[in-house]
Amino acid sequence: MTKHKITFLPHNRQISVEPGTNLLRAALEAGVHINASCGGEGVCGKCRVLVEEGGLEGGGKEKLRADDWEKGYRLACKSSVAGDVTVRVPVESVVDASVLNLAAIPRKTASAAQIHLDKLKEAGLFIPPVEERYLTLSPPTHEDNVCDLTRLINCLRKDFNERRLVVDLAVLRKLPEVLRQGDFAVTVALSRPVRQDGRTRIINVQPGDTSNENYAIAIDIGTTTVYGQLVDLLTGEVLAEHGEFNAQISYGEDVITRIMYAEKPGGMDRLNEVVVGTINKILDRIFARSKVNPDEVTAVALAGNTTMTQLFVKINPSYIRRAPYVPAASIYPMIKAEDLGLALPGHVTALIYPCISSYVGGDIVAGVMGSGMYLSDELTLYIDIGTNAEIVVGNKDWMMCAAASAGPAFEGGGVEHGMRATKGAIEDFSLDPVTFEPMNLTIGNQRPKGICGSGLIIMLAKMFLLGVINNQGKFNRDLPTDRIRERDGTWEFVVAWAKDTQIDRDLTLSEIDIGNLIRAKGAMYAAYMTLLTQVGLTIDQLDRIILAGGFGSYVDLESAMTIGLLPETDPDKVTYLGNGSLMGARMSILTNKVRADVVEVTRKMTNVELSEAPSYMDNYVASLFLPHTDINQFPRLKERLDQRSKATQSK
């Protein structure tokens, strides 16, 4: 059968496919990323491509604007190849990970009750999961001819009081040669047990003294991004770090879409392959930057939500999304990193954070550990804002947790011009109160090509406060501005005219977009209030609120409270943690104290299924307004709105 050639621009990447091949699938096979929030189901309308030459069948006309169709745009997921074709992937689909590695400083940093290396050393609790010992052994003689392993163990017992030792087979296989290469002076890597009655494993042996080179890696496997850090286990210093977009985003923006993809033939293998590839790319970068030899790495700790973890270890995630929502495991055994496909030496042990439930995963447990919340007397509300809103409330004595599916609206999904926080994304916004002309500030100070989550929150808040939209998210059509208009039966606000953007059309925010944002923020707010009700607390009784996650670190607090994404509280009670998952992973490779505590913490965390909580739906419906049906929950905002109303009436 004759094959057809597809050329993807601006990548200049070509692939030959069978006639009738789906264009989105062909892009995946060619390694070309095209935004597809819905995973190719044809409902998001994000996978636009411009046909420059040749023809396609289908194209999803019903999901495209009439002017887009006439220009030659088609939806990749609804197009099949009917001949040689050249398509251009628009700029808004280009994955730009450079912004992930900018030196960004959160507005505040967590400090209370954190675990610090110096304090651990002072308390005698600095016990890394893997330690190295330099040994000088006496060579064997006719009079002293005990076996090599016994000679090694005897020295460990005598010089370092090591007991209850076991040895890996890989170590035993190379032990004779290594001992003689080093003239019986060797460095031994010891993997410590979490429990005091456990056994210490000898996982590696090297010739000579390499005890001053002991490193470990912390990895956060996020739904959207993956971050890695290389840590010196002797000093606790982070020597190098790097972030990449999780390559799984090409198969769906959220965990449910990816689970559905994993259920297709070959789907789980593919998702596992691309996330392992993403991690290995990060490993290459941090080794290159730090000049550290990978052979000197002794451990890697990984934290991710339940779905990301199961896909990483190649476990079927199907039952996560099916009642009664059961994950495959809550606690994972220690696994050799190479068995997971990681580009690390065979002696490296992988430590995977445990999860609580299908939707409260190891990333949240790691954040609780990294923030020190589990050590504090303060009543704390821990919030990780993302596609799912995972929350924990409690202190060192008790904790309850829950997750609400907020959808990907604040990460670009469900918003026509929504996008991730990359260069060209609008991240800050203001409106002239008289002319209603906008001022847009983008990441990298480039012409805009979309709006990221933090920008959407500010935009919504500014429009609400100035009366551009009402509390239901509908535009005030009587305002004296041509930026509020009707298109295809939907009212929208022109944020930037086409001539001022990187894209070939006006950049807008519509009432449909706003409705999706309100539903997303409503799901989050309802989750906070339901969980607090379950434990008999109110917002005023909390000592602090911790905002975690990459997105949570850049949420404008005032704007988030204005739209009802966050409860109204004293700003001084709010702490921006940053990537709590990565912080927790780093802590667990610095000390076994955290590894020992984490088991107790997971037992202490009681999960609440919000779908089964009678008050959740009531709270959700009440939250589908800006900021809420009960404005008395936002007294400071109520006062501002009353002042605006009086000022309007006096004119």
Side-chain angles (χ1 to χ4, degrees), residues 92 107 385 406-477 479 481-485 487 490-498 500-503 505-522 524-525 551-566 624-627 634 637 640-641 644:
E92 58 265 33
R107 295 174 179 84
I385 302 176
F410 288 111
E411 294 184 348
V415 177
E416 183 177 2
H417 293 284
M419 63 179 294
R420 301 178 194 91
T422 60
K423 291 178 180 177
I426 296 173
E427 64 171 346
D428 206 349
F429 172 88
S430 67
L431 271 178
D432 186 292
V434 177
T435 65
F436 301 102
E437 283 297 296
M439 183 172 72
N440 302 311
L441 180 65
T442 66
I443 297 173
N445 296 321
Q446 300 180 356
R447 286 190 299 161
K449 61 182 180 181
I451 316 166
C452 68
S454 58
L456 286 167
I457 292 170
I458 295 171
M459 199 171 290
L460 214 58
K462 298 288 188 184
M463 288 183 174
F464 178 56
L465 288 173
L466 290 177
V468 176
I469 57 176
N470 63 19
N471 66 348
Q472 298 179 59
K474 303 300 181 184
F475 286 107
N476 181 350
R477 302 170 190 177
L479 294 177
T481 174
D482 60 352
R483 288 185 179 269
I484 297 176
R485 70 187 186 189
R487 175 175 60 85
T490 300
W491 286 86
E492 63 185 12
F493 183 92
V494 180
V495 178
W497 301 109
D500 300 319
T501 72
Q502 294 187 49
I503 58 180
R505 53 182 175 159
D506 297 338
L507 198 160
T508 61
L509 185 72
S510 72
E511 288 182 350
I512 293 175
D513 298 331
I514 293 171
N516 288 332
L517 292 167
I518 289 176
R519 283 187 288 275
K521 74 92 185 173
M524 295 183 193
Y525 190 82
F551 176 50
S553 296
Y554 297 97
V555 169
D556 181 78
L557 195 56
E558 182 179 346
S559 296
M561 292 180 184
T562 297
I563 68 172
L565 172 64
L566 292 175
L624 296 180
F625 293 83
L626 298 173
F634 297 81
L637 177 61
R640 293 177 67 184
L641 294 177
R644 188 190 77 186

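Keep in mind that what you see is a predicted model, and the values were worked out from it rather than measured.
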_Within this structure, what is the CG-NZ distance for the pair L456 and K521, rounded to the nearest 0.5 Å?_
14.5 Å

_Reported CD1-to-NZ distance for the pair I514 and K474, which is rounded to 0.5 angstrom_ = 8.5 Å

*Do F625 and I518 pass the side chain to side chain contact (heavy atoms under 4.5 Å, CB included) test, and can you show the C-alpha distance, the side-chain angles, and the key distance before you say yes or no?*
CA-CA 7 Å; F625 293 83; I518 289 176; over 6 Å; no

*Qualifying residues under side chain to side chain donor-acceptor pair (under 3.5 Å), relative to E558, sequence neighbours excluded*: R640

*What's the spacing between N516 CG and I512 CD1 if we round to 0.5 Å?*
8.0 Å

*State which residues pass side chain to side chain donor-acceptor pair (under 3.5 Å) with D428; sequence neighbours excluded, sorted by chain then number.*
none

*asked:* Checking T562 now: which residues fulfil side chain to side chain donor-acceptor pair (under 3.5 Å) with it, not counting sequence neighbours?
replied: none

Which side-chain N or O atoms in residues 429-440 pair as donor and acceptor under 3.5 Å with protein atoms at least two apart or in another chain?
residue: D432; atom: OD1; partner: V434; partner atom: N; Å: 2.8
residue: D432; atom: OD1; partner: T435; partner atom: N; Å: 2.9
residue: D432; atom: OD1; partner: T435; partner atom: OG1; Å: 3.4
residue: T435; atom: OG1; partner: E437; partner atom: N; Å: 3.3
residue: E437; atom: OE1; partner: R483; partner atom: NE; Å: 3.2
residue: E437; atom: OE1; partner: R483; partner atom: NH2; Å: 3.0
residue: E437; atom: OE2; partner: R483; partner atom: NE; Å: 3.0
residue: N440; atom: ND2; partner: V495; partner atom: O; Å: 3.1

_Taking salt bridge (charged side-chain N to carboxylate O under 4.0 Å, His left out) as the definition, give me every residue that meets it alongside E492, ordered by chain and number, with sequence neighbours left out._
R485, R487

*List the steps and the verdict of side chain to side chain contact (heavy atoms under 4.5 Å, CB included) for L517 and I457.*
CA-CA 9 Å; L517 292 167; I457 292 170; over 6 Å; no

*Taking all non-hydrogen atoms of both residues, which atom of L626 and which atom of F464 are closest, and how far apart?*
O-CZ, 3.1 Å

_Working to the nearest 0.5 angstrom, can you tell me the gap between F410 CZ and C452 SG?_
11.5 Å

_G467 to N476 - nearest heavy-atom pair and separation_ = O-CB, 3.4 Å

*Does any non-hydrogen side-chain atom of I469 lie less than 4.5 Å from one of L460?*
yes

*Report the residues that fulfil ring-ring contact (aromatic ring centres under 6.0 Å, His included) with F634, sequence neighbours left out, ordered by chain and then residue number.*
Y525

*Looking only at heavy atoms, what is the nearest atom pair of P448 and I426, with distance?*
CB-CG1, 3.7 Å

*Side chains of K449 and T501: closer than 4.5 Å at any heavy-atom pair?*
no

_Spatial distance of atom CE (M561) from atom CG (L637) [nearest 0.5 Å]_ = 11.0 Å

*Separation of K462 NZ from I563 CD1 (nearest 0.5 Å)*: 12.5 Å

*asked:* Can you confirm whether L566 sits close enough to L557 that some side-chain heavy atom of one is under 4.5 Å from a side-chain heavy atom of the other?
replied: yes

_Working note: L624 + R519, criterion side chain to side chain contact (heavy atoms under 4.5 Å, CB included); need CA distance, chi angles, decisive distance, verdict._
CA-CA 6 Å; L624 296 180; R519 283 187 288 275; 4.0 Å; yes

*Mind running side chain to side chain contact (heavy atoms under 4.5 Å, CB included) on I451 and V415 for me, showing each step along the way?*
CA-CA 9 Å; I451 316 166; V415 177; 5.6 Å; no

*Taking every non-hydrogen atom, the tightest pair across Q446 and G424*: OE1-N, 3.9 Å

*Looking only at non-hydrogen atoms, find the nearest pair between F475 and L509 and report the distance.*
CZ-O, 3.4 Å

*Hey, does I484 have a side-chain heavy atom less than 4.5 Å from the side chain of W491?*
yes

*May I ask you to test the Q502-K423 pair for a side-chain heavy-atom distance under 4.5 Å?*
no

*Which heavy atom in L565 sits nearest to a heavy atom in M524, and how many Å separate them?*
CD1-SD, 3.2 Å

